[in-house]
Amino acid sequence: MSSDEVLQAFPVPVLVVGCDQRVTGQNDGATNIFGVDLVGRHVATAIRQPSLLEAIETVLTGDAHADARLVISKHGRDMLYDVHLAELVSDHSVLLTFLDVSPHEEAGQMRSDFVANVSHELRTPLTALSGFIETLRGPARDDPDARARFLDIMEEEASRMNRLVTELLSLSRVEDLERVRPTDLVELDQVISLVINALSPSARDRDVDFRFFFETDQPTIVVGESDQLTQVFTNLIENAIKYGRKGGTVRITMNALPQVSAFKGPGLEVAVQDDGDGIDPKHLGRLTERFYRVDNHRSRELGGTGLGLAIVKHIVNRHRGRLRIESAPGAGSCFTVSLPMPETA
Ligand code: ADP
């Protein structure tokens, strides 16, 4: 058994540094981190982080072990490693093992960004509510007109908070279920008809006309969860009404495709198209991020929470489907969902 064999058997990157501070061994994992074979080189020429070099020094000069961190930029990303150093008593060298903690750190960062976003989203309506309570107690106390107006705004702000909390719960449920494949058979044309009926009053309010193009004579059955698919098309059609042209048209087209390359089988494709202002291409890749909005003010004014498309994305993923967004300024927007059909349908 050679020492190289032992190093290669480690499931994590490892490096051995001799008492003259030259690298005496490294496995493929470590070559991946540093990009080169360091054997024979002085460790300071490869590792420039003073804290890690100090840790090597302390073990070489007598400590049995030490811990340090290493940050390395790779393909424009910072990779973060917890490095454990242990003395190899037989020849007084140091064994360094590297544990990649970048995913862990990123998850922590995402969690704290999310909490910061939620707090900010909740604070805005709360601040408005507190302000109006003050005004109603003070200057507007004996002004019935102002009171009625402020109460309307307060109701609006309270329902915004309510919507936000409902959507946050919905997002968390959807995320929990993302790895559990749905098993029911759902008739998609029925789901869409129900959504259109439910959204007709909002469409009427904005004078929007629905057109439904049903371009298949096959049964429109997918494997899915009816409530979640209802939510997908509610969010997409609601957005088309909100961000589409006032007095415009929302086209909903359903197509059955014998072969969808994304999932190598038959699929149903539903496109929701509006004739609104459209979206600048630079935003398209980020629209499904939580709380991402093209125009914060407009979204809030229309009662948006910034979570609708994030929910759509998670549900579509759970159904092994695809979401495609096409839009250009002045040319309206088209959101297309493709869902796999059972092969026997
Ligand atoms: P919101 O609650 O803000 O509507 P969504 O997640 O549903 O949140 O959408 C995110 C953002 O994407 C919206 O704020 C809006 O800027 C943009 N958007 C969504 N649908 C459309 C559309 N049909 N036309 C133009 N912009 C849209």
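Remember, predicted model here, so these are calculated numbers, not experimental data. Start at 1 and go down the list; that is how both ligands and their atoms are numbered.
- Two residues are said to be in side-chain contact when any heavy atoms from C-beta on lie closer than 4.5 Å; Arg298 and Lys242 fail this criterion.
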Extract all N/O-N/O pairs under 3.5 Å that connect ligand 1 to the protein, and present each with both atom names and the distance rounded to 0.1 Å.
unit_1	atom_1	unit_2	atom_2	d
ligand 1	2 (O)	Thr305	N	2.7
ligand 1	2 (O)	Gly306	N	2.8
ligand 1	3 (O)	Tyr243	OH	3.2
ligand 1	3 (O)	Ser299	OG	2.6
ligand 1	3 (O)	Gly306	N	3.4
ligand 1	4 (O)	Asn239	OD1	3.4
ligand 1	4 (O)	Lys242	NZ	3.1
ligand 1	4 (O)	Tyr243	OH	2.6
ligand 1	6 (O)	Gly308	N	3.2
ligand 1	6 (O)	Leu309	N	2.8
ligand 1	7 (O)	Asn239	OD1	3.4
ligand 1	7 (O)	Asn239	ND2	2.8
ligand 1	8 (O)	Gly306	N	3.4
ligand 1	14 (O)	Tyr243	OH	3.3
ligand 1	16 (O)	Val294	N	3.1
ligand 1	20 (N)	Asn239	ND2	3.4
ligand 1	23 (N)	Asp274	OD2	2.8
ligand 1	24 (N)	Ser333	OG	3.3

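- Ionic pairing of Asp209 and Arg211 is present here: one or more N-O contacts between side-chain nitrogen and carboxylate oxygen are shorter than 4.0 angstrom.
- Ser170 and Gln231 form a side-chain donor-acceptor contact under 3.5 Å, judged by distance and modelled atom types alone.
- Put simply, the side chain of Leu339 reaches to within 4.5 Å of the side chain of Val337, judged on heavy atoms.
- Between Arg69 and Glu105 there is a salt bridge, with a side-chain nitrogen of the basic residue lying less than 4.0 Å from a carboxylate oxygen of the acidic one.
- The closest side-chain donor-acceptor pair between Glu121 and Thr305, if any, does not fall under 3.5 angstrom.
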